[in-house]
S.K.: 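Take a look at this one; I'll ask things after.
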There are 2 protein chains.
Amino acid sequence: MYHEQAQRFKALSDPNRLRILELLIQGETCGCTLIDKLPIGQPTLSYHLKQLADAGLTRRVVDGTKHLYYVEKDALASLREFLRDVEHSTATSCEVETNG
Amino acid sequence: MYHEQAQRFKALSDPNRLRILELLIQGETCGCTLIDKLPIGQPTLSYHLKQLADAGLTRRVVDGTKHLYYVEKDALASLREFLRDVEHSTATSCEVETNG
DNA sequence: AACAAATATCGAAGAGTATCGATATTGGGA
DNA sequence: TCCCAATATCGATACTCTTCGATATTTGTT
């Protein structure tokens with residue numbers, strides 16, 4: 001089913017979310033510090049973090065009043081694998097006249 | 001800039017488009033045969049093919065009245081690379097207590 | 001209990017998306 | 001030239017997304 005993969009790609013289809021992912025990977029964990037590095041307000045950040053979490057791309061850990069977010073690298077790897085499979089599932093009849 | 005990558009991920013964020021990509025890779029090339037394998041009408045297929053082409057994921061070759069579409073594998077590979085970079089750009093301070 | 005900090009949720013506005021039926025366009029064949 | 005097949009475009013509709021300000025919730029601190 002393509003629906004699940006499509007959902008994950010959708011989570012990656014927003015520039016702010018890609019930026020968030022990279023900040024998280026680089027060591028940011030807390031919404032309260034992310035907010036200073038993004039051109040969006042707090043409710044919007046919360047919305048994007050939820051999108052990422054719902055897609056399985058991040059995991060949330062509650063620490064007192066702070067919420068820490070971590071990237072689920074396995075999910076990213078799974079998407080990479082999907083793309084690679086699509087690329088490689090050729091191998092059959094896709095022969096375009098190779099000018100020979 | 002994340003905008004361009006986000007655009008490409010957006011092109012992959014629809015199940016029908018993922019299906020189209022796979023059909024194209026597997027040897028389909030013509031809209032007139034794709035249409036029989038998808039649960040959408042002709043204008044919608046045309047719309048999706050345009051989305052994919054605009055995102056640089058496919059290339060169109062006109063052959064008389066038929067239009068042939070080919071997957072730009074380089075674009076897929078570039079997305080894979082982007083995902084891998086995001087995964088690997090850690091290496092610094094993202095140490096979560098590794099239970100040691 | 002009162003307050004502050006961090007986050008989530010709500011309601012609304014505006015933009016964008018997917019889909020369709022109808023119609024236009026383009027190219028090949030009679 | 002006339003018709004057909006393949007595709008694109010248009011206008012409309014319903015839905016989803018992103019964003020915001022305002023407000024609620026949750027937790028730690030005094």
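Atom set for the values below is all heavy atoms of this structure, side chains included, hydrogens, waters and symmetry mates excluded. Below, read A as the first sequence line, B as the second, and so on, with proteins coming before strands; counting in each chain starts at 1.
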S.K.: From the options dT7(C), dC17(D), dT9(D), select the nucleotide whose nearest atom is closest to the side chain of K10(A).
M.R.: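 Closest of the options to the side chain of K10(A): dC17(D).
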
S.K.: Output the distance between atom CG (D14(B)) and atom CD1 (I20(B)), rounded to the nearest 0.5 Å.
M.R.: 8.0 Å

S.K.: Is E72(A) paired with R59(A) through a side-chain N to carboxylate O contact shorter than 4.0 Å?
M.R.: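 Answer for the salt bridge query: yes.
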
S.K.: Once you round it to whole Å, what is the distance between P of dT7(D) and CG of L34(B)?
M.R.: 9 Å

S.K.: Hey, can you pull the residues of residues 13-20 of chain A with a non-hydrogen atom under 4.0 angstrom from DNA chain D?
M.R.: D14(A), N16(A), R17(A)

S.K.: Rounded to the Å, how far apart are K66(B) NZ and dG28(C) P?
M.R.: 12 Å

S.K.: For residues F9(A) and L18(B), determine if any side-chain heavy atom of one lies less than 4.5 Å from a side-chain heavy atom of the other.
M.R.: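 Yes, close enough: below the 4.5 Å cut-off.
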
S.K.: Closest to the S46(A) side chain: dT7(C), dA5(C), dA8(C)?
M.R.: dA8(C)

S.K.: Between dA6(D) and Q42(B), counting only base atoms on the nucleotide and side-chain atoms on the residue, is there a donor-acceptor pair under 3.5 Å?
M.R.: no

S.K.: Is there side-chain contact between R19(A) and L38(A), with at least one heavy-atom pair below 4.5 Å?
M.R.: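 A side-chain contact exists here, since the closest heavy-atom pair is under 4.5 Å.
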
S.K.: Roughly, in whole Å, what's the span from CD in Q51(B) to C1' in dA18(C)?
M.R.: 9 Å

S.K.: Whole angstroms only, please: what is the OH-P distance between Y47(B) and dC15(D)?
M.R.: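 Atom-to-atom, Y47(B) to dC15(D), this comes out as 16 Å.
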
S.K.: Any non-hydrogen side-chain atom of K37(B) less than 4.5 Å from a side-chain atom of E28(B)?
M.R.: yes

S.K.: Under the side-chain hydrogen bond (donor to acceptor under 3.5 Å, both in side chains) rule, collect the residues that match up with D54(A), sequence neighbours excluded.
M.R.: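 Residues passing side-chain hydrogen bond (donor to acceptor under 3.5 Å, both in side chains) with D54(A): K50(A).
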
S.K.: CG of D54(A) versus P of dT18(D): gap in Å, rounded?
M.R.: 12 Å

S.K.: Please identify which of these residues, T29(A), L24(A), I25(A), meets the side chain to side chain contact (heavy atoms under 4.5 Å, CB included) condition with Y70(A).
M.R.: T29(A)

S.K.: Does a side-chain N or O of R60(B) approach OP1 or OP2 of dA6(D) to a distance below 4.0 Å, or not?
M.R.: no

S.K.: Choosing from dT7(D), dT9(C), dT19(C), which nucleotide comes nearest the side chain of K50(A)?
M.R.: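 Of all the options, the side chain of K50(A) is nearest to dT9(C).
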
S.K.: For the residue pair L83(A) and L12(B), establish whether any side-chain heavy-atom pair is separated by less than 4.5 Å.
M.R.: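 Side-chain contact under 4.5 Å: yes.
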
S.K.: Between dT7(C), dT7(D), dC20(C), which nucleotide has the shortest distance from any of its atoms to the side chain of P43(B)?
M.R.: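 Closest of the options to the side chain of P43(B): dC20(C).
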
S.K.: So which nucleotide from dA6(C), dA6(D), dC20(C) ends up closest to the side chain of I40(B)?
M.R.: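 For the I40(B) side chain, the nearest candidate turns out to be dC20(C).
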
S.K.: To the nearest Å, how far apart are D63(B) CG and dG28(C) P?
M.R.: 9 Å

S.K.: Take the protein atom CG of L68(A) and the nucleotide atom C1' of dT7(C), then report the distance between them rounded to whole Å.
M.R.: 12 Å

S.K.: May I have the distance from Q7(B) (atom CD) to dG16(C) (atom P), rounded to whole angstrom?
M.R.: 11 Å

S.K.: Looking at T44(B), I'd like to know whether one of its side-chain N or O atoms comes within less than 4.0 Å of OP1 or OP2 on dC20(C).
M.R.: yes

S.K.: Side chain of H67(A): nearest nucleotide among dA8(C), dT19(C), dA5(D)?
M.R.: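 Nearest to the side-chain atoms of H67(A), counting from C-beta on, is dA8(C).
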
S.K.: For H48(B) and dT19(C), is the shortest distance between a side-chain N/O and OP1 or OP2 below 4.0 Å?
M.R.: yes

